[in-house]
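Structure first, then comments.
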Amino acid sequence: MSAVTTLRIATRKSPLAMWQAEHIKARLEALHPGLVVELVTFTTQGDKILDVPLAKIGGKGLFVKELEVAMLDGRADIAVHSMKDVPMEFPEGLELGIICERENPHDAFVSNHYKTIDELPQGAVVGTSSLRRQCQIQQQRPDLIIKSLRGNVQTRLSKLDAGEFDAIILAAAGLLRMEMHDRIASFIPAEQSLPAGGQGALGIEWRANDSAIHELLKPLHDDKTAACVLAERALNRRLQGGCQVPIAAYAELDGNALSLRGLVGSVDGKTMLRTAQSGLAADAEAMGIAAAEDLLAQGAGAILSAVYGHDVK
C-alpha cells in the first residue's frame with residue numbers, strides 16, 4: 001500500500017481546468033480506496049491578461065507557471081494539463097510522463113447560424129486565439145476576417161452569442177468534456193484543420209523524485225495516446241515551437257503502425273508546408289524529428305523565424 005494518503009492537485013479555476021482536475025481526482029480515488037485527493041486552485045498570469053494575444057505575452061506557458069511553482073515548493077503534488085498547452089521543456093525538478101487516454105482531438109466549428117466554414121458568407125468574422133487555426137482558415141478562406149478571441153470557454157461562447165463573431169473555433173475535447181455537445185455545429189476534419197500537438201489529451205506533471213506519487217499515477221497512463229503525443233511533441237520541439245505558433249502535428253495509431261502529419265503555415269495562410277511520416281510506434285520520437293526536418297527542408301525555418309523573432313535552423 002502506498003504511503004501517500006493525501007494528494008493535492010494544482011489547478012486553474014476555469015470551469016474546464018476544474019473539470020479536468022475533478023476527473024483525475026475521481027479516477028485516482030476510485031483506483032486507490034482511502035486516498036484523499038484535494039484541489040488547490042490558482043489564478044495564473046494567463047488567466048489575468050485577457051486583452052493581448054498569447055503569442056505576444058509568452059504563450060500558454062503563462063498558464064502553468066504558478067502551478068509548477070506550487071509543486072516545487074510543496075503546496076501541491078501534481079498538476080493536470082491539456083497537453084496542447086504544455087511547454088516543450090519542464091523546470092528542473094518536475095517531469096511529465098503520464099498521458100491519459102485522448103478525447104476527440106479535432107477542432108470544433110461553433111456558430112449559431114452556420115454549420116461549416118464553407119457556409120460562412122463573404123467577410124464573416126471568425127474568432128480564434130490560435131495562429132495554427134488562423135493560418136489554415138485563411139488558406140481556405142482568405143476573405144474571412146480573423147479576430148483574436150481569449151478567455152475561458154464560457155467567455156468565448158458568450159462573445160459569440162453577443163454577436164461579436166459569426167463563428168468561433170474551439171478544441172472539441174473541451175466542449176465534449178463539459179457536456180456542451182450542442183454548441184458544436186460541426187467537427188472540423190484534420191484535412192481542413194490539422195490539430196495541435198497533444199490536442200485532446202491530458203497529461204499529469206509531478207516532482208521528478210517523488211516515486212510514491214508516480215506509482216499512484218501509473219494506472220492512468222495510456223500507451224497508445226502517449227505514442228501519438230510523443231511523436232507530435234518531438235516535431236514541435238525540433239521546430240522550437242510552443243503551443244502558440246502556426247504549427248500543427250497529429251499522429252494516429254493503428255496497431256503498432258504510427259502515422260504522423262505535420263504542418264507549418266504563414267499566419268496569412270499564403271504559404272502552407274506539409275509533411276507526412278509513417279513507421280512503428282516504437283520510433284515515435286524519431287518520426288516527429290524526421291517530420292520537423294522535412295518541414296525545415298521545405299522552408300519552415302523562415303516562416304517560424306518571422307513569428308519567433310529569431311532564427312530557426
field: Derivation and outcome, side chain to side chain contact (heavy atoms under 4.5 Å, CB included), residues Leu96 and His81
entry: CA-CA 10 Å; Leu96 190 155; His81 302 300; 4.0 Å; yes
query: Which of these, Leu28, Thr11, Val37, Leu216, sits in a side-chain contact (heavy atoms from CB on, under 4.5 Å) with Ile78?
result: Leu28
field: Steps toward salt bridge (Lys or Arg N to Asp or Glu O under 4.0 Å) verdict (Arg133, Asp107)
entry: CA-CA 9 Å; Arg133 291 170 180 147; Asp107 286 328; 3.0 Å; yes
query: Trp206 and Asp77: side chain to side chain contact (heavy atoms under 4.5 Å, CB included), yes or no, with the steps?
result: CA-CA 6 Å; Trp206 72 93; Asp77 300 306; over 6 Å; no
- prompt: Would Leu258 and Asp283 count as a side chain to side chain contact (heavy atoms under 4.5 Å, CB included) if you check the C-alpha gap in whole Å, the side-chain angles of each, and the deciding distance to 0.1 Å?
  reply: CA-CA 9 Å; Leu258 189 69; Asp283 300 323; over 6 Å; no
message: Could you report the tightest heavy-atom contact between Thr225 and Ala201, atom names first, then the distance?
response: CG2-CB, 3.8 Å
message: How close do Pro91 and Glu205 get, counting heavy atoms only, and between which atoms?
response: CD-OE2, 4.1 Å
message: Pair His106, Ile188 - check side chain to side chain contact (heavy atoms under 4.5 Å, CB included), show working.
response: CA-CA 6 Å; His106 297 289; Ile188 307 176; 5.9 Å; no
Could you tell me whether the side chains of [X] and [Y] share a donor-acceptor contact shorter than 3.5 Å?
X      : Y      : answer
Ser158 : Asp161 : no
Thr116 : Asp118 : no
Thr275 : Asp294 : yes
Arg12  : Gln20  : no

Are [X] and [Y] connected, step by step, through hydrophobic side chains (Ile, Leu, Val, Met, Phe, Trp, Tyr) whose heavy atoms are closer than 4.5 Å?
X      : Y      : answer
Tyr308 : Leu131 : yes
Met272 : Ile303 : no
Leu160 : Phe109 : no
Val80  : Ile213 : yes
Leu235 : Leu273 : yes

- request: Determine whether Met83 and Leu202 make a side-chain contact, defined as any pair of heavy atoms from C-beta on separated by less than 4.5 Å.
  value: no
task: Compare all side-chain heavy atoms of Val86 with those of Val64 and state whether any distance is below 4.5 angstrom.
output: no
field: Check ion pair Lys218-Glu215 (N to O, under 4.0 angstrom)
entry: yes
message: I'd like to know if Glu252 and Arg261 make a salt bridge, using a cut-off of under 4.0 Å between side-chain N and carboxylate O.
response: yes
Test log, rule salt bridge (Lys or Arg N to Asp or Glu O under 4.0 Å), inputs Arg141 and Asp143: CA-CA 5 Å; Arg141 291 288 306 271; Asp143 61 293; 2.8 Å; yes
query: Atom CG of Asp223 and atom NE2 of His221: how far apart are they, to the nearest 0.5 Å?
result: 4.5 Å
message: For Asp254, is the CG atom crowded, meaning more than 12 foreign heavy atoms sit under 6.0 Å from it?
response: no
message: Just checking Asn112: does its CG atom have more than 12 heavy atoms from other residues, nucleotides or ligands closer to it than 6.0 angstrom?
response: yes
message: Checking Arg27 against Glu22 for the salt bridge (Lys or Arg N to Asp or Glu O under 4.0 Å) test, could you report, in this order, the C-alpha distance in whole Å, the side-chain angles of both residues, the deciding distance, and whether it holds?
response: CA-CA 9 Å; Arg27 290 200 62 191; Glu22 291 281 6; over 6 Å; no
field: Asp73 vs Arg207, salt bridge (Lys or Arg N to Asp or Glu O under 4.0 Å): CA-CA, chis, key distance, verdict
entry: CA-CA 10 Å; Asp73 68 18; Arg207 285 183 295 276; over 6 Å; no
